[in-house]
Every structure is written in C-alpha cells, then in structure tokens.
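Sharing a structure with you now.
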Amino acid sequence: MAAVDFLSLCDMADPERIGIIGICGWGGMAINTAALDTRIKATVASTMYDMTRVNAKGYFDSADSEEERYNAKKAMCAQRLEDLRNGEYKLGGGVVDPLPEDAPFFVKDYYDYYKTDRGYHERSLNSNGGWNVIGCESFINQPILMYSNEIRSAVMVMHGDKAHSFYFGKDAYENMIKDSKYADNKELLVIEGAVHTDLYDGGENNVIPFEKLDEFFKKNM
C-alpha cells in the first residue's frame with residue numbers, strides 16, 4: 001500500500017490506473033491488498049500461496065488441529081527467546097541439497113528452481129539458509145483472505161494445474177466469488193501442465209501467458 005501511495009502522487013504514474021502482480025506467497029498478499037486498497041484497479045495472483053493457511057494448517061491442511069498449532073506456537077515462542085539470547089535469528093533452512101530420492105514433489109520443484117541457474121542467488125533465502133524460523137509466526141493467526149469476496153476491482157488468479165499449490169489458487173478464487181456481488185470481474189486462469197515454479201520464469205516451455213496478462217490489465221485499468 002505504501003507503493004500505491006507513492007504511485008498515486010508520482011507525476012509519471014496515472015493514479016487511476018494502478019495494478020499489482022503477486023507471485024507465490026505474494027500472490028495471497030496481493031489479493032489481501034486488493035481487499036484493503038480501493039485504489040488498485042486490477043490484481044493478478046500468480047501461482048499463489050495463502051501463507052496464513054499453510055502456516056496454520058500445514059501443506060494440504062495436513063496439520064489442521066488445535067494440538068498441531070499449539071505445538072508449533074510453543075516451539076516458536078521458545079525459539080524467540082533463543083534468538084534473543086544468541087543475538088541472531090535461527091534460519092529454518094532453504095531448499096534441501098543434495099536432493100533426496102524420496103523428496104516430495106514440491107521439494108523437487110523448488111530444487112529445480114532455487115538450486116539451479118534458473119533461480120539460484122547467493123543472497124536468496126530459499127537458495128541458501130532459508131527464512132527465520134519465527135518469521136511466519138503471526139500468520140498462524142491471520143486469515144488474510146477473509147474479506148476477499150468484497151473486492152470490487154478486477155482480480156485474476158493464475159495457476160498451473162500440476163502445481164502442488166494449485167489448491168490455494170482454486171480455493172482463493174472460489175472464496176472470492178462466493179456470495180459476492182462483485183464476481184463478474186474475477187477470473188481463474190489455469191495453465192495446463194504447469195508446475196508451481198513454471199510461473200516464476202516460464203519454465204522450459206515459456207508457459208506464462210503474457211498476452212493474456214496484458215489484455216487483462218488493459219481491460220481493467
């Protein structure tokens with residue numbers, strides 16, 4: 001929203017034609033921002049995660065219980081004090097390397113991106129030490145898509161049907177149009193055969209439909 005503040009007062013930008021794109025975890029954040037900021041005219045959430053859902057319930061909602069959440073919160077509260085004593089944050093570990101043969105599909109997918117020339121960088125958290133262990137603690141208690149069905153501006157959810165995260169995108173779209181007066185300008189764009197990281201850089205087959213994104217923003221801004 002601070003970026004929208006800046007653009008709204010910038011001589012080089014048209015404040016009536018501001019759009020945003022969010023990728024992966026920022027896709028869910030983009031939908032949340034569209035629900036908060038009425039100045040945004042069009043939003044694309046690409047290969048999105050709902051970071052609050054995955055932190056509160058685990059992947060595929062496999063840890064959706066009061067006991068699991070309690071244990072996770074207890075561990076992170078203990079880690080906060082450990083970090084304070086040590087004067088530095090403990091990192092959770094990035095993408096595992098070397099890749100185990102029995103690694104889950106989503107780990108292999110991330111390895112193919114963050115540990116190769118596609119996405120590796122020496123300063124990338126995902127490529128190296130990972131995020132702070134306690135970095136996502138507050139997400140456990142924050143359903144960021146709560147009022148997404150009240151978004152009046154245009155939103156496109158773009159996801160690959162082979163992505164491990166596809167359920168985030170499908171559910172976010174369904175929640176956005178459920179009992180909504182503003183469903184007509186909402187769209188779910190499914191990219192057949194695409195995995196999660198294919199919509200980071202296009203993957204081997206350059207699957208990002210830039211022409212459709214261009215059309216969407218031109219139509220709605």
Side-chain angles (χ1 to χ4, degrees), residues 19-34 42-55 57-64 94-121 124-127 130-131 144-145 148 151 154-178 183-221:
I20 60 175
I21 298 176
I23 301 171
C24 193
W26 297 106
M29 299 296 182
I31 294 176
N32 177 253
T33 306
T43 300
V44 170
S46 176
T47 196
M48 65 159 284
Y49 263 48
D50 176 348
M51 292 299 293
T52 54
R53 179 176 177 179
V54 75
N55 278 278
K57 301 181 179 182
Y59 277 103
F60 310 108
D61 300 337
S62 61
D64 185 14
V95 177
V96 62
D97 188 18
L99 183 69
E101 292 185 4
D102 60 349
F105 170 70
F106 75 93
V107 175
K108 295 178 180 178
D109 188 16
Y110 282 135
Y111 185 94
D112 287 343
Y113 182 80
Y114 287 109
K115 287 295 186 178
T116 68
D117 291 341
R118 288 175 63 193
Y120 179 83
H121 193 280
S124 166
L125 294 174
N126 287 326
S127 292
W131 295 63
I144 57 173
L145 304 183
S148 62
I151 298 173
V155 181
M156 173 191 286
V157 177
M158 182 172 70
H159 228 115
D161 67 345
K162 302 302 182 185
H164 68 273
S165 53
F166 189 26
Y167 72 103
F168 288 129
K170 288 189 296 183
D171 289 355
Y173 172 75
E174 291 298 328
N175 290 336
M176 196 160 31
I177 65 172
K178 183 179 180 181
D184 290 348
N185 59 355
K186 308 301 185 291
E187 180 179 353
L188 175 63
L189 177 61
V190 179
I191 311 300
E192 293 186 5
V195 299
H196 181 83
T197 57
D198 282 343
L199 297 186
Y200 286 6
D201 63 350
E204 294 181 357
N205 299 314
N206 297 315
V207 298
I208 298 175
F210 288 106
E211 69 286 349
K212 291 188 178 181
L213 298 179
D214 183 60
E215 179 183 343
F216 171 79
F217 281 113
K218 285 180 176 176
K219 175 183 176 181
N220 292 293
M221 293 198 311

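Residue numbers start at 1 and run along the sequence shown.
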Requested in this report: Mind listing the closest non-hydrogen atom pair of R118 and G203 along with its distance?
Outcome: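 Heavy atoms of R118 and G203 come nearest at NH2-CA, 4.0 Å.
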Query raised in the report: Where is the tightest heavy-atom contact between T43 and A34, given as atom of each residue plus distance?
Result: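 Answer, listing the atom of T43 first, then A34: OG1-CB, 3.5 Å.
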Query raised in the report: Is it true that a side-chain atom of T116 and a backbone atom of D112 form a donor plus acceptor pair closer than 3.5 Å?
Result: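 Checked: pair present.
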Report task. Could you check L189 against V44 for side chain to side chain contact (heavy atoms under 4.5 Å, CB included), going step by step and ending with a plain yes or no? Result -> CA-CA 10 Å; L189 177 61; V44 170; over 6 Å; no
Report task. Taking all non-hydrogen atoms of both residues into account, name the closest pair between V207 and L199 and its distance. Result ->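 Taking every non-hydrogen atom into account, CG2-CD2, 3.9 Å.
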Report task. Keeping the roles fixed (side chain from K186, backbone from I151), state whether a donor-acceptor pair exists under 3.5 Å. Result -> yes
Query raised in the report: Can you tell me if N220 uses its side chain to pair, donor with acceptor, with the backbone of A42 under 3.5 Å?
Result: no
Query raised in the report: For the residue pair M156 and F216, what are the closest heavy atoms and their distance?
Result: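 Reported closest heavy-atom pair: N-CZ, 3.6 Å.
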Query - Separation between CD of E174 and OG of S148, rounded to the nearest 0.5 Å - result: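 Result: 11.0 Å between the selected atoms.
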Query raised in the report: When the ring planes of Y200 and Y113 are compared, do they come out parallel, tilted or perpendicular, using 30° and 60° as the limits?
Result: perpendicular
Query raised in the report: Would you say D109's side chain and H196's backbone share a donor-acceptor pair under 3.5 angstrom?
Result: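 At least one qualifying donor-acceptor pair exists.
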Query - NZ/K108: more than 12 non-hydrogen atoms of other groups inside 6.0 Å - result: yes
Query raised in the report: What's the verdict on ring-ring contact (aromatic ring centres under 6.0 Å, His included) for H164 and Y49, showing C-alpha distance, side-chain angles and the deciding distance?
Result: CA-CA 10 Å; H164 68 273; Y49 263 48; 5.7 Å; yes
Query raised in the report: Nearest 0.5 Å, what's the OG1-CD1 distance between T33 and I144?
Result: 8.5 Å
Query raised in the report: Is atom CD of E211 surrounded by more than 12 heavy atoms (other residues, nucleotides or ligands) closer than 6.0 Å?
Result: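 Yes, enclosed.
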Query raised in the report: Got a salt bridge between R53 and D171, using NZ or NE/NH1/NH2 to carboxylate O under 4.0 Å?
Result: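 Yes, this pair counts.
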Query raised in the report: Counting only N and O atoms by type, is there a donor-acceptor contact under 3.5 Å from the side chain of K57 to the main-chain atoms of S62?
Result: no
Requested in this report: Check whether more than 12 heavy atoms from other residues, nucleotides or ligands sit under 6.0 Å from atom CG of D184, and answer yes or no.
Outcome: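 No - once you tally the heavy atoms of other residues, nucleotides and ligands closer than 6.0 Å, there are 12 at most.
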Requested in this report: Report the relative orientation of the aromatic rings in F106 and Y110; use parallel for angles under 30°, tilted for 30 to 60°, perpendicular for over 60°.
Outcome: perpendicular
**Report entry** Intermediate values then yes/no, side chain to side chain contact (heavy atoms under 4.5 Å, CB included), L99 and K115
**Finding:** CA-CA 10 Å; L99 183 69; K115 287 295 186 178; over 6 Å; no
Query - Short side-chain donor-acceptor distance under 3.5 Å, S127 and H121 - result: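 Result is no, nothing qualifies.
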Report summary line: Correct closest heavy-atom pair for L145 and A172 would be CD1-CB, 3.9 Å
